[in-house]
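For reference, the structure discussed in these notes is given below.
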Amino acid sequence: MVASASSFGTLPHQNGTPMPAPQPIASPPGYAFPYQNLKRRLTRPDKVPLVLVACGSFSPVTTLHLQMFEFAEKYVKQSDPGFEIVGNYMSPCSDAYQKSSLAPAHHRIQMCSLAVDTDTKVTITIDPWETVRVDETGKPLYSPTVDVLRHFDHEINNVLGGIETLDGTFTTARIMLLIGADLAATMADPKLWDPADIEVLLGYYGAFVVERPAQCRTQDAIEPLEKYNAKIWVVPTIINEVSSTRVRAQIQNGERVEDIPDSVYKYIKLHHLYQKEPMANGRHAEITNGN
Ligand SMILES: Nc1ncnc2c1ncn2[C@@H]1O[C@H](COP(=O)(O)OP(=O)(O)OP(=O)(O)O)[C@@H](O)[C@H]1O
Ligand SMILES: NC(=O)c1ccc[n+]([C@@H]2O[C@H](COP(=O)(O)O)[C@@H](O)[C@H]2O)c1
């Protein structure tokens with residue numbers, strides 16, 4: 001069954017009342033939300049405006065990260081769950097995210113910017129918000145994914161006032177995660193995701209889950225999230241084995257890398273990202289992330 005756009009805001013909370021809108025999150029001084037590619041007005045009648053947000057490491061960004069948005073658009077056109085996509089955003093995570101393969105955020109932002117400037121079928125915008133947030137000592141601050149969606153919700157629905165409909169009134173845009181099935185498969189693990197966050201992420205916002213057959217069965221990934229079925233849309237994909245891990249391994253092994261745009265490949269070469277470092281004994285150390 002295809003979930004429907006009209007289920008927004010109607011999922012009863014545990015006590016039977018609708019879940020209140022999540023509280024907005026403050027942005028750091030000097031930060032400006034990238035509104036430039038957001039469609040401010042719907043072009044189709046009776047559709048719900050939808051903003052897709054892909055959170056990730058993007059270390060490096062691959063062609064599949066870009067294609068996820070194309071698959072989502074195709075799915076919305078063909079299966080017609082009732083949306084019009086008005087914004088496609090990538091939100092690279094902060095340097096505070098504990099993942100050893102992360103290149104510094106400024107490089108990941110540059111690579112994502114180069115990638116979305118290539119010949120993509122849909123317009124994608126990079127939001128650097130996660131990477132510019134710092135704590136009181138000036139250190140990068142990790143933003144849980146739920147805070148990223150609250151940030152988009154605030155900027156688009158509170159600050160901008162929503163999206164204009166064909167009759168000139170404004171309506172609330174739905175903000176949703178665009179994720180791979182492998183990430184969805186982790187969401188029922190309370191060691192990785194706070195269940196209270198999942199309640200807001202999937203109970204209030206929702207997710208477009210792109211199949212990733214090389215890594216997991218979609219049904220296995222979403223089964224533990226069954227109570228949120230009304231807010232989960234499964235997006236079919238192509239059989240592919242693309243991952244940032246494989247790209248990094250190919251770079252280290254000096255193999256041909258096909259799954260990143262040329263401009264990103266040139267950038268990686270120029271900045272010596274993801275290379276093995278020769279050690280004093282002539283052997284090779286683990287990946288360096290090109291600080
Ligand atoms: N080939 C793919 N098919 C479907 N979803 C994908 C694919 N590659 C990445 N994604 C999704 O894109 C988002 C960002 O992923 P991320 O930056 O962690 O890339 P990754 O290739 O999974 O990285 P790594 O290999 O470093 O773990 C996640 O939701 C992930 O599931
Ligand atoms: N608790 C959380 O909010 C939580 C947990 C795991 C991953 N994530 C996000 O998912 C994205 C992908 O993470 P991985 O690269 O670890 O698959 C990142 O943007 C990360 O911030 C969020």
Side-chain angles (χ1 to χ4, degrees), residues 22 25 52-72 75 88-103 105 107-109 111-112 115 124 126-131 133 140-152 176-202 205 207-218 221-222 232 234-252 257-260 264 268 273-274 287 289:
I25 296 261
L52 291 174
V53 182
C55 291
S57 308
F58 307 118
S59 188
V61 59
T62 69
T63 45
L64 243 296
H65 290 132
L66 306 174
Q67 278 181 292
M68 287 171 72
F69 291 95
E70 291 171 23
F71 298 143
Y75 167 75
N88 290 302
Y89 287 90
M90 287 169 74
S91 181
C93 65
S94 125
D95 284 337
Y97 190 46
Q98 301 295 318
K99 200 169 171 180
S100 59
S101 54
L102 275 193
H107 285 315
R108 289 181 287 118
I109 294 279
M111 290 189 278
C112 286
I124 305 165
I126 312 303
D127 182 7
W129 185 79
E130 284 192 68
T131 66
R133 295 185 75 211
L141 185 68
Y142 177 67
S143 304
T145 300
V146 70
D147 287 352
V148 181
L149 292 206
R150 289 162 69 198
H151 152 68
F152 275 85
M176 274 199 228
L177 262 186
L178 176 65
I179 53 173
D182 61 305
L183 193 60
T186 68
M187 286 182 153
D189 182 347
K191 292 198 282 303
L192 295 175
W193 300 83
D194 183 337
D197 284 6
I198 294 297
E199 191 70 13
V200 177
L201 275 174
L202 298 181
Y205 290 114
F208 268 42
V209 177
V210 180
E211 302 203 290
R212 199 171 184 181
Q215 298 216 353
C216 64
R217 279 188 65 231
T218 311
I222 60 172
I232 293 177
V234 173
V235 178
T237 183
I238 47 170
I239 302 284
N240 78 85
E241 292 188 352
V242 181
S243 71
S244 300
T245 302
R246 191 169 79 163
V247 168
R248 293 192 300 273
Q250 287 168 336
I251 291 167
Q252 287 178 36
V257 186
E258 289 174 337
D259 301 323
I260 53 177
V264 174
I268 287 172
L273 303 179
Y274 311 117
I287 303 178
N289 288 320

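Remember, it's 1-based here, ligands and their atoms both numbered in the order they're listed. The first residue in the sequence is number 1, and the count goes up from there.
With a 4.0 Å cut-off on non-hydrogen atoms, K99 touches ligand 1 through its side chain and not its backbone. When heavy-atom distances to ligand 1 are checked against a 4.0 Å cut-off, N240 comes that close only through its side chain, counted from C-beta outward. With a heavy-atom cut-off of 4.0 Å, C55 touches ligand 1 through its backbone alone. Using a 4.0 Å cut-off between heavy atoms, K99 contacts ligand 2 through its side chain alone, with no backbone atom that close. Counting heavy atoms closer than 4.0 Å to ligand 1, residue M68 contributes side-chain atoms (C-beta onward) but none from N, CA, C or O. By the criterion of a heavy-atom distance under 4.0 Å, the side chain of L64, and not its backbone, is placed next to ligand 1. Here D182 has side-chain heavy atoms under 4.0 Å from ligand 1, and that is the only part of it that gets that close. Contacts between L192 and ligand 2, counted as non-hydrogen atom pairs separated by less than 4.0 Å, involve the backbone only. With a 4.0 Å cut-off on non-hydrogen atoms, V146 does not touch ligand 2 at all.
The shortest contact between atom 10 (O) of ligand 2 and any protein heavy atom is with L183 CD2, 3.5 Å. Ranking the protein heavy atoms by distance from atom 17 (O) of ligand 1 puts F58 N, 2.9 Å first. Regarding atom 7 (C) of ligand 2, its nearest protein heavy-atom neighbour is Y97 OH, 3.3 Å. Regarding atom 19 (O) of ligand 2, its nearest protein heavy-atom neighbour is G56 N, 3.1 Å. Protein heavy atom closest to atom 15 (O) of ligand 1, with residue, atom name and distance, is H65 NE2, 3.4 Å. Shortest contact from atom 21 (O) of ligand 1 to any protein heavy atom: S244 N, 2.8 Å. Among protein heavy atoms, the minimum distance from atom 10 (N) of ligand 1 is reached at R212 NH1, 3.6 Å. Among protein heavy atoms, atom 3 (O) of ligand 2 sits closest to T145 N, 2.9 Å. Of the protein's non-hydrogen atoms, T245 OG1, 3.3 Å is the one closest to atom 24 (P) of ligand 1. At the shortest separation from atom 28 (C) of ligand 1 among protein heavy atoms lies G180 N, 4.0 Å.
Considering backbone and side-chain atoms together, S91 places no N or O closer than 3.5 Å to any N or O of ligand 2.
Here CG of L192 is found 5.5 Å from OG1 of T186. Values are rounded to the nearest 0.5 Å. Put simply, CG on L183 and SG on C55 are 9.0 Å apart, with the number rounded to the nearest 0.5 Å. Note that CG of L52 is 10.5 Å distant from CZ of F152, once rounded to the nearest 0.5 Å. Atom CG of residue L177 and atom CG of residue L149 lie 4.5 Å apart, to the nearest 0.5 angstrom. In this structure, CD in Q252 is found 11.0 Å from CD in Q250, a value given to the nearest 0.5 Å.
At least one donor-acceptor pair closer than 3.5 Å links the side chain of S244 to the backbone N or O of P60. Looking at S94, its side chain does come within 3.5 Å of a backbone N or O of L141 through a donor-acceptor pair. Remark: side-chain polar atoms of R248 are paired, donor with acceptor, to backbone N or O of S59 under 3.5 angstrom. Side chain of Q215 to backbone of P213: no donor-acceptor contact under 3.5 angstrom is found. Looking at D95, its side chain does come within 3.5 Å of a backbone N or O of A105 through a donor-acceptor pair. Checked by atom type and distance alone, the side chain of R212 pairs as donor or acceptor with a backbone atom of V242 at under 3.5 Å.
Annotation for ligand 1: atoms under 4.0 Å from non-hydrogen atoms of I179 are 29 (O). Within ligand 2, counting atoms from 1 as listed, the ones closer than 4.0 Å to a heavy atom of Y142 are 2 (C), 3 (O), 4 (C), 8 (N), 9 (C), 20 (C), 21 (O), 22 (C). Within ligand 2, counting atoms from 1 as listed, the ones closer than 4.0 Å to a heavy atom of P144 are 3 (O).
Q67 does not count as a contact of ligand 1, since none of its heavy atoms falls under 4.0 Å from the ligand. Proximity of R248 to ligand 1 is established by a heavy-atom distance of less than 4.0 Å. For D197, the closest heavy-atom approach to ligand 2 does not fall below 4.0 Å. The shortest heavy-atom distance from R246 to ligand 1 is not under 4.0 Å.
Counting only heavy atoms from C-beta outward, the side chains of C112 and H65 never approach each other to under 4.5 Å. No side-chain heavy atom of Y205 sits less than 4.5 Å from a side-chain heavy atom of V53.
Donor-acceptor pairing under 3.5 Å is lacking for the side chains of S101 and Y274. Side-chain contact, S143 with E130: no donor N or O sits under 3.5 Å from an acceptor N or O.
In this pair, F208 and Y75 present their aromatic rings perpendicular. The plane angle is above 60°, beyond the 30 to 60° band.
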